[in-house]
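Residue numbers count from 1 along this sequence. Please read these numbers as outputs of a predicted model, since none were measured by experiment.
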Amino acid sequence: MYYSEEFIEEVRQRNDIVDVISGYVNLKKSGSNFTGLCPFHNEKTPSFSVSGGKQMYYCFGCGAGGNVFTFLMEYENLTFPEALEQLAGRAGMALPEKNNSEEDRRRRNTRERILEIYKLAANYFYAKLSSGRGEEAKKYLLQRDLSEETIRRFGLGYSDKFSDDLYQYMKKKGFDDTILNQTGLFTFHEKKGVYDKFWNRVMYPIMDRSGKVIAFGGRVMGDGKPKYLNSPETMVFDKSRNLYGLNFVHGRQDQGMIICEGYMDVIALHQAGFTNAVASLGTAFTSQQSSLLKRYTDTVYLCYDSDGAGVKAALRAIPMLKEAGLTVRVIDMQPYKDPDEFIKGLSAEEFQERVQSAQNSFFYEISVMQREYDMGDPEEKTKFMNEAAKKCLTFENEIERNNYIEAFSREYGIRSEDFRQLVKHYAAAAVGIQYEKIKSERQKKRDSREDGIGRIQAILLTWISEDLSLYPIVRETILPEDFLDEPYREVAKLLYEQAETGSMSPAKIISRFDSKEEQSVVAGLFNRQVKEVREHTEREKALNEVVKTLKKASLEKQSREITDLSQLQALIAEKKKLEHLSLRLPVQ
């Protein structure tokens, strides 16, 4: 750890978790908590809960949870010290002298040096573009109608034809092979030696949201393969959580975001005034990128190439974007292949008209589907209508589904009531089966995450954390050592220590665990969902059942571990006593 526990706790207390997470997730008040769509997995119904009282979050869908530190570590891919320092800066707190471990220093230093190398590489490539060796690459960019200002703004560059050009430059700067090997910029070969990953390519720096260079894309000059090459993932670069061009996007985008396929598409659109354009990073669009876009807008315009590959990419992206809660529309590029060619062939004004007339994603999918059928053949047309009816089942909201049924009927000239009956037919055949399947899968996941006694332990910890008055009642029977295993036992120990002082801070307990995984598990222990019981007698009955079950399991475990006869007799006596246990709750 870099800092004292006192400093860590002060940073946590001065960063309200609701305020911090609201900057990443759209939260809505729900009772005493706030809810939203989980940023760590795709979902249509909010299961992500943030508690201002407990200063923690928990997703009842995927199990992600923790305090404000955990959230930044998970979402921004930061180490604990990095998350701590970012939150300290947010609160305007000066950092005390660091007292970090050797491992912490090593990881932090490695990350900083990789970022330094990428910054130097970006500057080096940019300078090469304007040198004699970069003449061909510069000519290529100018022929693509890019201005000098656009080239500068995006930091475009050139990697030399010499295959170890950048490597030799970095060696002169004093970097050793150990750190260079972790950047993804070089290939270390046992026989061939070390050579640059990128050479004889136009270089596109990839930046994170703060403007730091974290990776590169490279377009080959000539006929080399592959045509486009991208940086591998490193400790500073996760391509599934970044988007090219996002560093230029600031604040909420009410006009929506445009998603393209390639670097040049984004650059061309920005130069034409569409600064809300981004692209995925040399890979298929991901659910994490969908969640990332949800932070900036509610509407996304897909602007993929009009060829077969572009159509397939759009069809893959649409479900993920819709699951993230985004409205999706598809821009028609015909007769051009991509936005770069479109703007050159027509104009930025024409492109804006295409944006405004972009097709609803459902009807885009339907139009693509229709290409597979001969609509002049009655049998083929019937098959198409059947598939379209099945497609309507993806709308869970009945009003929305009916609106699409009517719109489809108008578009394809059939009676809406006839088409609605067809949809209902498939719904009756499929929805029930699908529901049971989903319910079964969810139950299996819950069962695999936690067995019965684990749930009992978690329920008790949740109850105590939410109602401090239960602590003296429970303490008479259950001690921390009665919790059967970790992390329950350690959490109980820390919770009991807090309760003795008359205060309760689950978020502070979470900070005592080092890894994101442990923190998520601990957060889950304080967010166990149980049926609310309001009637006093029923609450007493539930508490007694939980306490008795846990104490009995604890005594049985102890009896298996001891051999002393007198201790065994004492345990038997405790078991007898447990049969007559009757805890009483104070009347409120």
Side-chain angles (χ1 to χ4, degrees), residues 37 41-47 61 256 259 284-285 287 290 298-304 306-334 354 356-443:
L37 294 172
H41 81 289
N42 278 328
E43 60 178 9
K44 294 180 181 179
T45 304
S47 60
I259 307 177
F285 194 78
S287 59
S290 298
D298 293 320
T299 305
V300 164
Y301 295 89
L302 287 178
C303 192
Y304 287 167
S306 57
D307 59 13
V311 171
K312 288 181 180 179
L315 294 177
R316 283 195 302 266
I318 287 170
M320 286 185 280
L321 291 162
K322 292 177 75 172
E323 284 182 16
L326 289 156
T327 297
V328 187
R329 306 189 74 83
V330 183
I331 301 172
D332 179 15
M333 289 288 98
Q334 297 287 355
R354 292 292 179 97
Q356 292 171 348
S357 62
Q359 190 176 24
N360 175 286
S361 62
F362 172 79
F363 283 105
Y364 174 79
E365 292 176 295
I366 290 293
S367 67
V368 173
M369 183 194 303
Q370 182 184 330
R371 299 171 195 173
E372 302 175 13
Y373 300 91
D374 178 2
M375 298 299 283
D377 183 323
E379 184 176 354
E380 287 283 296
K381 187 174 182 179
T382 301
K383 289 179 181 179
F384 166 70
M385 294 295 177
N386 285 329
E387 292 305 313
K390 293 175 185 177
K391 192 74 177 172
C392 286
L393 297 180
T394 59
F395 299 105
E396 295 181 356
N397 182 286
E398 186 174 356
I399 293 176
E400 184 181 22
R401 184 168 59 250
N402 285 332
N403 287 337
Y404 275 96
I405 288 172
E406 291 176 6
F408 178 88
S409 301
R410 287 194 301 270
E411 181 74 17
Y412 288 90
I414 62 173
R415 288 195 338 132
S416 61
E417 193 54 42
D418 292 340
F419 188 60
R420 183 175 287 105
Q421 288 302 318
L422 187 60
V423 173
K424 287 181 178 179
H425 166 74
Y426 283 109
V431 171
I433 297 173
Q434 184 66 15
Y435 174 74
E436 290 300 325
K437 180 181 177 182
I438 292 172
K439 189 167 71 170
S440 175
E441 289 175 352
R442 286 178 178 172
Q443 186 60 48

Next on the checklist: Please give me the minimum heavy-atom distance between L315 and E365, naming the atom from each residue.
Outcome noted: CD2-CG, 3.8 Å

Checklist outcome for this item: On a heavy-atom basis, the closest approach of Y301 and G256 is CE1-CA, 4.3 Å

Checklist entry - Quick one: are F384 and I366 in side-chain contact, heavy atoms under 4.5 Å? => result yes

Item to check | Side chain proximity check, T327 to D298, heavy atoms < 4.5 angstrom | outcome: no

Checklist entry - Which heavy atom in S47 sits nearest to a heavy atom in G61, and how many Å separate them? => result OG-N, 3.5 Å

Checklist entry - Below 4.5 Å, heavy atoms only, C-beta onward: do R371 and V311 meet side chain to side chain? => result yes

Checklist entry - Would you say the side-chain atoms of R410 pair up with the backbone N or O of S416, donor to acceptor, closer than 3.5 Å? => result no

Checklist entry - Are F408 and M385 close enough that some pair of their side-chain heavy atoms sits under 4.5 Å apart? => result yes

Next on the checklist: Going by side-chain hydrogen bond (donor to acceptor under 3.5 Å, both in side chains), name the pairs with one or both residues in residues 374-385, residues two or more places apart or in two chains.
Outcome noted: none

Checklist outcome for this item: When rounded to the nearest 0.5 Å, the distance separating CG of L302 from CG of L321 is 6.0 Å

Next on the checklist: Is there a side-chain contact between V328 and Y364 in this structure, where contact means two heavy atoms from C-beta onward sitting under 4.5 Å apart?
Outcome noted: no

Checklist entry - At what distance, to the nearest 0.5 angstrom, does OH of Y404 lie from OG of S409? => result 14.0 Å

Next on the checklist: Looking at every heavy atom in both Y304 and M333, which two are closest together, and how far apart are they?
Outcome noted: O-CG, 4.2 Å

Checklist entry - With a 4.5 Å heavy-atom cut-off, do Y426 and N386 have their side chains touching? => result yes

Checklist entry - If you look at every heavy atom in V423 and C392, which pair is closest and at what distance? => result CG2-CB, 4.0 Å

Checklist entry - Is the closest side-chain donor-acceptor distance between Q370 and Y412 under 3.5 Å? => result yes

Next on the checklist: I need the L422 CG to H425 NE2 distance, nearest 0.5 Å.
Outcome noted: 7.0 Å

Checklist entry - What is the distance from atom SG of C303 to atom CZ of R354, rounded to the nearest 0.5 Å? => result 10.0 Å

Checklist entry - Looking only at heavy atoms, which two atoms of L37 and P46 are closest? And how far apart? => result CD2-N, 3.8 Å

Checklist outcome for this item: Taken to the nearest 0.5 Å, the spacing of R329 CZ from T299 OG1 works out to 8.5 Å

Checklist outcome for this item: Across all chains, not counting sequence neighbours, the side-chain contact (heavy atoms from CB on, under 4.5 Å) partners of K312 are R316

Next on the checklist: Just verifying a value: how many Å separate E323 CD and I318 CD1, rounded to the nearest 0.5 Å?
Outcome noted: 12.5 Å

Checklist entry - N403 versus F395: any side-chain heavy-atom pair under 4.5 Å? => result no

Item to check | E398, CD atom: more than 12 neighbouring heavy atoms under 6.0 Å | outcome: no

Next on the checklist: Does any part of the side chain of V330, heavy atoms only, come nearer than 4.5 Å to the side chain of F363, both counted from C-beta?
Outcome noted: no

